[in-house]
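Every chain is numbered from 1, with letters handed out A, B, ... down the list of sequences.
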Amino acid sequence: MSDPMNEIVFENVRDIDLEHVFQCGQCFRWTPVNGGAGGYAGNVQEYQGAAGQWYCRARLDRDPAVENAGTLVLDVSGGSRDFWENYFDLKKNYGEIKTRLVREEPEIVRATEAGGGIRILNQDFWEVLISFIVSQNNNIPRITKCIRGLCEKFGDPVFADENGEEWYGFPSPESLASATTEDLAEIKLGYRDEYIIRAARRFLELGEPSGTMEEKRTELLGYHGIGPKVADCIMLFGCREFRAFPIDTWVKTIMNDMYGFDRKDVKGMQAFAREKFGDLRGYAQQYLFYLYRDKK
DNA sequence: ACCCAGGTGGCTT
DNA sequence: AAGCCACATGGG
């Protein structure tokens, strides 16, 4: 027997595509429902996943007349309408963001068109913190597997879907703070399990970073296992710091290809992003990242 | 067997 | 400040 769900409908959402949202590397707990490539069946996209302690089945009935638009129907195990509206960032005008980016840097139009339905989710800080520590020197399929393992072993069951499959909430900080490396071994985090345990304990002491962006960054860099790249991801996806511009191997390739930067010149890339994309550089980074991920 | 993946810590110049 | 290298794990 599946658990009951609440339906929440958002009509006429602009600048949204569920494949862009869930495959752009910002989150790791959403999967296409019917195994269709990217969750497509005609003009319907369907994904299921979880945010914090809530399960959600998300369907986008796409408007055939408008690109990256449609009616978003959520079947959720909990969470208010406001919670989900905020999670999907539905109050923000992404059309305007794309227009401004292209005005400053016309070449980026390739990226804003390829990932035109990207929205930066408002995710829980703690979940983002742990997820991106797992991400270092790792690939997306395996990151996904590791995080599922963490949820199934250390999270609470929150929902049984119609196939009888159990979904789990993200582990609490306490549950990971009290875990041992032996407990974590079966998750196959490799050398990262020490990082996870220490991060959980430090988060319980410090809570979420606050202050200016630089202050948040400094605090994040104090975590063992968090360097500049992971700190920028956590700020962008978990702290609503849209001026963060994470530079990973893909972005290095992009910056080399499009603008001729030496792959080692991370400082130069940051300065370029700050100058060209200003306060919107976090969004720019997502469009660029998706463009190159999509090419593979 | 090697190289890579949303890199980082630690040690050596 | 910049340059190495080891670090688990799994896929190509």
Side-chain angles (χ1 to χ4, degrees), chain A residues 19-30 111 114-115 118-121 123 125 127-150 152-153 179-202 217-239 241-258 261-271 273 281-296:
Chain A
E19 183 180 356
H20 298 173
V21 169
F22 294 129
Q23 313 282 359
C24 70
Q26 62 177 324
C27 59
F28 304 99
R29 291 211 286 153
W30 292 83
I118 288 174
R119 285 175 170 271
I120 298 186
L121 299 169
Q123 301 183 72
F125 169 79
E127 178 171 342
V128 173
L129 174 76
I130 295 303
S131 298
F132 280 88
I133 290 175
V134 173
S135 80
Q136 68 124 310
N137 199 30
N138 210 341
N139 57 62
I140 290 179
R142 216 174 78 81
I143 297 163
T144 302
K145 203 175 294 180
C146 289
I147 290 170
R148 184 165 53 238
L150 281 173
E152 288 177 359
K153 184 166 168 70
T180 64
T181 50
E182 290 75 27
D183 298 331
L184 285 169
E186 70 182 83
I187 314 292
K188 303 296 183 190
L189 295 162
Y191 63 91
R192 304 173 192 82
D193 46 22
E194 194 69 41
Y195 295 162
I196 300 296
I197 294 166
R198 293 175 65 175
R201 293 177 181 166
R202 186 172 150 97
R217 196 163 197 265
T218 301
E219 182 168 324
L220 287 169
L221 291 173
Y223 283 82
H224 211 68
I226 297 184
K229 149 53 174 79
V230 169
D232 286 342
C233 281
I234 295 170
M235 286 199 294
L236 181 55
F237 303 132
C239 297
E241 283 289 352
F242 304 109
R243 294 167 298 169
F245 190 83
I247 298 178
D248 68 346
T249 52
W250 294 100
V251 175
K252 286 175 185 169
T253 303
I254 293 162
M255 298 299 278
N256 175 256
D257 262 25
M258 288 180 69
F261 279 97
D262 187 297
R263 290 181 66 85
K264 290 178 297 183
D265 186 15
V266 173
K267 272 257 194 310
M269 297 178 197
Q270 286 287 1
R281 55 193 183 274
Y283 301 99
Q285 193 273 0
Q286 279 307 104
Y287 292 120
L288 291 169
F289 180 81
Y290 185 82
L291 174 67
Y292 269 54
R293 288 283 319 169
D294 200 35
K295 279 185 180 176
K296 298 295 279 188

Open item on the list: Between A:I197 and A:T181, is there a side-chain heavy-atom distance shorter than 4.5 Å?
Closed with: yes

Task: Length of the CD-P vector between A:E194 and C:dA8, whole Å - done: 11 Å

Task: Whole-Å distance separating the NZ atom of A:K229 from the C1' atom of B:dA5 - done: 10 Å

TODO: List in numerical order all residues of residues 131-144 of chain A for which some heavy atom is under 4.0 Å away from an atom belonging to DNA chain C.
DONE: A:N137, A:N139, A:R142

TODO: May I have the distance from A:D193 (atom CG) to B:dT8 (atom C1'), rounded to whole angstrom?
DONE: 15 Å

Task: Pairing residues for A:Y290 by the ring-ring contact (aromatic ring centres under 6.0 Å, His included) criterion, not counting sequence neighbours - done: A:H20

Open item on the list: Can you check the distance between C:dG10 and B:dG9, where both ends of the measurement are the C1' atom (answer in whole Å)?
Closed with: 23 Å

- [ ] Send over the distance from A:Y290 OH to B:dG6 C1', rounded to a whole Å.
- [x] 16 Å

Open item on the list: Using side-chain heavy atoms (C-beta onward) and a distance below 4.5 Å, is A:K252 in contact with A:M269?
Closed with: yes

- [ ] Classify the side-chain pair A:N138/A:S135 by whether it contains a donor and acceptor separated by less than 3.5 Å.
- [x] no

TODO: Please state how far atom CH2 in A:W250 lies from atom P in B:dG7, giving the value in whole angstrom units.
DONE: 10 Å

Between protein and nucleic acid, restricted to nucleotides 9-13 of chain B and to nitrogen or oxygen atoms under 3.5 Å apart, what atom pairs and distances do you find?
{"from": "B:dG9", "atom 1": "OP1", "to": "A:G225", "atom 2": "N", "distance (Å)": "3.0"}

Open item on the list: Less than 4.5 Å apart, side chain to side chain, heavy atoms only: is that true for A:Y223 and A:V230?
Closed with: no

TODO: Consider the side chain of A:K264, meaning its heavy atoms from C-beta on, and name the nucleotide among B:dG6, C:dG3, B:dT8 that approaches it most closely.
DONE: C:dG3

Task: Side-chain heavy atoms of A:N137 within contact of A:Y191, under 4.5 Å - done: yes

Task: Interatomic distance at P, B:dG6 relative to C:dC7, whole Å - done: 22 Å

Open item on the list: Can you confirm whether A:R29 sits close enough to A:E127 that some side-chain heavy atom of one is under 4.5 Å from a side-chain heavy atom of the other?
Closed with: yes

- [ ] Check whether any side-chain heavy atom of A:L150 lies under 4.5 Å from a side-chain heavy atom of A:L189, and answer yes or no.
- [x] yes

Open item on the list: Just to be sure I understand the rule, does A:Q286 reach a base, reach only the sugar-phosphate, or reach nothing, if contact means heavy atoms closer than 4.0 Å?
Closed with: base

Task: Test item: A:Q123 side-chain N/O and A:V128 main-chain N/O as donor-acceptor pair under 3.5 Å - done: no

- [ ] Could you tell me if the ring centre of A:F289 sits under 6.0 Å from that of A:F245?
- [x] no

- [ ] Measure the distance from CG on A:D265 to C1' on C:dA2 and round it to the nearest whole Å.
- [x] 13 Å

- [ ] Can you tell me, in whole Å, how much space there is between the P of C:dC4 and that of B:dC3?
- [x] 15 Å

Task: Nearest-Å distance for atom pair CZ/C1', residues A:R293 and B:dC4 - done: 12 Å

Task: Aromatic ring of A:F289 stacked on base six-ring of B:dG6, 5.5 Å, 30° - done: yes

TODO: Answer with base, sugar-phosphate or nothing: what part of the nucleic acid does A:C27 contact at a heavy-atom distance below 4.0 Å?
DONE: nothing

Task: Gap between atoms CD and P, on A:Q23 and B:dG6 respectively (whole Å) - done: 13 Å

Open item on the list: Please pick, from C:dC7, B:dA5, B:dT8, the nucleotide with the shortest atom-to-atom distance to any side-chain atom of A:Y191.
Closed with: C:dC7

